[in-house]
Amino acid sequence: MDIAEDLALIDRLCTRDFPAERGGTDVGLSGPGYHVAWLGPRDWPEADDCYAYEAAIAARLTTWWGEPARWGTVTLGERIARGEDIPEPWAMLTALADDLRTWQVGDSGRGATLAVADRDDEKQPRLFVVVTDIDPE
């Protein structure tokens, strides 16, 4: 994959219908109100390459939709630890990544979130995007 292909994928996910049930797709995972897709190669030559690719994708998304909201998943993690039910895809995001960048996708009611799954020191980081109309709160 390259940046142009990944941007085209994000664009398609922003308009693709959400399924009624959770399941695998041709690009990742989808469920009621969300799509998740991995971006870039499966294995990065260097971990820093993943973060550079994330910055490049983020720069392009910022030209489309303006500055993203940046936030961490610590609060959601604390809410999960207290037993609160956090909706998907936010519970999954909390398990995979610490830092999120979220853009509002025009006036569609959807948001696109870009994050690096880097919580597991044993695995290489992976970049992914989530398109959703579900509020984490």
Evaluation steps, side chain to side chain contact (heavy atoms under 4.5 Å, CB included), between V129 and L9: CA-CA 10 Å; V129 66; L9 170 62; 5.6 Å; no
Worked check of side chain to side chain contact (heavy atoms under 4.5 Å, CB included) between L76 and L93: CA-CA 9 Å; L76 289 176; L93 283 167; over 6 Å; no
Working for side chain to side chain contact (heavy atoms under 4.5 Å, CB included), residues L61 and L7: CA-CA 8 Å; L61 296 181; L7 290 170; 4.0 Å; yes
Residue pair E88, I134: steps toward the side chain to side chain contact (heavy atoms under 4.5 Å, CB included) verdict: CA-CA 8 Å; E88 292 297 354; I134 299 171; 6.0 Å; no
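The CG atom of L29 lies 6.0 Å from the CE atom of M92; values are rounded to the nearest 0.5 Å. L39 CG to I57 CD1: the interatomic distance, rounded to the nearest 0.5 Å, is 6.0 Å. Between atom CD of residue E54 and atom CG of residue D49 there is a gap of 13.0 Å, rounded to the nearest 0.5 Å. Put simply, OG1 on T94 and CD1 on I80 are 4.5 Å apart, with the number rounded to the nearest 0.5 Å. Note that OG1 of T113 and CH2 of W103 are 8.0 Å apart. Values are rounded to the nearest 0.5 Å. To the nearest 0.5 Å, atoms CD (E84) and CD (E78) are separated by 10.5 Å.
When every heavy atom of A112 is checked against every heavy atom of W65, the shortest pair comes out as CB-CZ3, 3.9 Å. Contact between L96 and W38 at its shortest, heavy atoms only, is CD1-CH2, 4.3 Å. Listed here is the closest heavy atom pair of A115 and L100: CB-CD2, 3.5 Å. Across all non-hydrogen atoms, the minimal contact from T73 to A97 is OG1-O, 2.7 Å. Between P125 and Y51, the shortest heavy-atom contact is CB-OH, 3.9 Å. Shown here for V116 and C50, the closest heavy-atom pair between the two residues is CG1-SG, 3.9 Å.
With hydrogens and angles ignored, the 3.5 Å screen pairs no side-chain donor or acceptor of T62 with any backbone N or O of E67. Between the side chain of Y53 and the backbone N or O of I3, at least one donor-acceptor pair lies under 3.5 Å. Of the possible polar contacts, none joining the D99 side chain to the R70 backbone as a donor-acceptor pair under 3.5 Å is found. Side-chain atoms of R110 come within 3.5 Å of backbone atoms of C14 as a donor-acceptor pair (strictly under, hydrogens ignored).
For CG of D120, the number of neighbouring non-hydrogen atoms (other residues, nucleotides, ligands) closer than 6.0 Å is greater than 12. More than 12 heavy atoms of other residues, nucleotides or ligands shown are found within 6.0 angstrom of CG on D135.
A continuous path of ILVMFWY side-chain contacts below 4.5 Å connects L114 to W64, so both sit in one hydrophobic cluster. Taking hydrophobic clusters as Ile, Leu, Val, Met, Phe, Trp and Tyr residues chained together by side-chain heavy-atom distances below 4.5 Å, F18 does not share a cluster with F128.
Between R119 and D98 there is a salt bridge, since at least one side-chain N of the basic residue sits less than 4.0 Å from a carboxylate O of the acidic one. Between R16 and D26 there is a salt bridge, since a side-chain N of the basic residue sits under 4.0 Å from a carboxylate O of the acidic one.
In this structure the side chain of P89 never reaches within 4.5 angstrom of the side chain of H35, judged on heavy atoms.
Between W71 and W90, the ring planes lie tilted relative to each other; the angle falls in the 30° to 60° range.
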